[in-house]
Amino acid sequence: MKVIAVTACPSGVAHTYMSAEALQVAGEKLGIDVKVETQGAAGIENKLTEEDIKEAVCVVLSTDTSIREESRFKGKKVVRMSTSKIMSSALPLMKKIQTTFS
């Protein structure tokens, strides 16, 4: 199972990367392949490819600000959550995604 995500906070620094790490760690614990694109002060890093988007069962948008190129996810199941909420709830979210899409 593959899940993709985009994380972004207004300053594009701490919360962007902390929420990305929380998603990746939760995915590793459950055997879910998680790829996270970060959008912040350094621009877009680890950009999701068309293949990543196609293979993903859903998209997690962990954002506290608008993101670039959101239209790429048209037709995909999207979960929206703030970066601070993801940091405290990544594992339960990944468990729910695993149950829903298994």
Side-chain angles (χ1 to χ4, degrees):
M1 174 178 295
K2 183 172 189 168
V3 173
I4 57 172
V6 177
T7 63
C9 68
S11 66
V13 186
H15 284 85
T16 298
Y17 297 103
M18 290 165 56
S19 60
E21 182 179 11
L23 289 166
Q24 291 167 326
V25 168
E28 287 175 15
K29 287 182 180 179
L30 299 172
I32 299 172
D33 180 14
V34 179
K35 182 172 181 184
V36 183
E37 171 182 299
T38 57
Q39 294 189 13
I44 296 176
E45 296 177 303
N46 201 31
K47 186 170 180 153
L48 299 168
T49 66
E50 286 183 33
E51 190 69 20
D52 292 327
I53 297 166
K54 180 180 170 187
E55 293 174 351
V57 295
C58 73
V59 181
V60 177
L61 297 180
S62 175
T63 61
D64 300 323
T65 187
S66 61
I67 62 168
R68 296 177 208 98
E69 304 176 24
E70 188 173 336
S71 62
R72 299 175 283 171
F73 310 122
K74 185 177 180 185
K76 299 299 283 189
K77 299 290 184 191
V78 176
V79 176
R80 294 178 188 272
M81 197 174 284
S82 71
T83 57
S84 58
K85 184 73 172 171
I86 282 290
M87 287 186 280
S88 64
S89 304
L91 188 59
L93 173 64
M94 285 295 151
K95 285 181 180 177
K96 183 167 182 139
I97 290 170
Q98 190 176 48
T99 302
T100 302
F101 293 101
S102 290

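Just so we're clear, the structure is a prediction, and the values are computed from it rather than from any experiment.
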Residues V36, I4; criterion side-chain contact (heavy atoms from CB on, under 4.5 Å); working and verdict
CA-CA 6 Å; V36 183; I4 57 172; over 6 Å; no

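- Closest approach of S19 to I86, counting heavy atoms only: O-CG2, 3.7 Å.
- Residue V57 is grouped with residue I32 when hydrophobic side chains (ILVMFWY) are merged at heavy-atom distances under 4.5 angstrom, including chains of intermediate members.
- With a 4.5 Å cut-off on side-chain heavy atoms, R80 and V78 count as touching.
- Atom-to-atom distance recorded for E55:CD and E50:CD is 12.0 Å, nearest 0.5 angstrom.
- In this structure, the side chain of T63 does not engage the main chain of S66 through any donor-acceptor pair within 3.5 Å.
- The residues E69 and K47 are annotated as salt-bridged, a charged nitrogen and a carboxylate oxygen being separated by less than 4.0 angstrom.
- No donor-acceptor pair under 3.5 Å is formed between the side chain of T16 and the backbone N or O of G40.
- The environment of CD in Q24 is crowded: more than 12 heavy-atom neighbours from other residues, nucleotides or ligands sit within 6.0 Å.
- Neither M18 nor L91 shares a network with the other; the hydrophobic side chains, linked directly or stepwise wherever heavy atoms of I, L, V, M, F, W or Y lie under 4.5 Å apart, form separate groups for each.
- Checked for salt-bridge contact, R68 and E37 miss the test: no charged N lies under 4.0 Å from a carboxylate O.
- No continuous path of ILVMFWY side-chain contacts below 4.5 Å connects L93 to V25, so the two sit in separate hydrophobic clusters.
- Between the side chain of D64 and the backbone N or O of S82 there is no donor-acceptor pair closer than 3.5 Å.
- Both V34 and L30 belong to a single network of hydrophobic side chains, linked directly or stepwise wherever heavy atoms of I, L, V, M, F, W or Y lie under 4.5 Å apart.
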Test side-chain contact (heavy atoms from CB on, under 4.5 Å) on L48 and R72 and set out the steps.
CA-CA 10 Å; L48 299 168; R72 299 175 283 171; 4.1 Å; yes

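- Residues M94 and V3 are in side-chain contact: their nearest non-hydrogen atoms beyond the backbone lie under 4.5 Å apart.
- In this structure, Y17 and T7 have side chains that are not in contact, with every pair of non-hydrogen atoms separated by 4.5 Å or more.
- Using a 4.5 Å cut-off between side-chain heavy atoms of Ile, Leu, Val, Met, Phe, Trp and Tyr, with links allowed through other members, L23 and M1 fall into the same hydrophobic cluster.
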Begin with the C-alpha distance, continue with both residues' side-chain angles, and end with the deciding distance and a verdict on side-chain contact (heavy atoms from CB on, under 4.5 Å) for I67 and L61.
CA-CA 9 Å; I67 62 168; L61 297 180; 3.9 Å; yes

Go through the steps to decide whether K76 and C58 satisfy the test side-chain contact (heavy atoms from CB on, under 4.5 Å), and finish with yes or no.
CA-CA 6 Å; K76 299 299 283 189; C58 73; over 6 Å; no

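- Using a distance-only test at 3.5 Å, with no hydrogens or angles considered, no donor-acceptor pair links the side chain of T65 to the main chain of P10.
- In this structure, H15 and M87 have side chains that are in contact, with non-hydrogen atoms separated by less than 4.5 Å.
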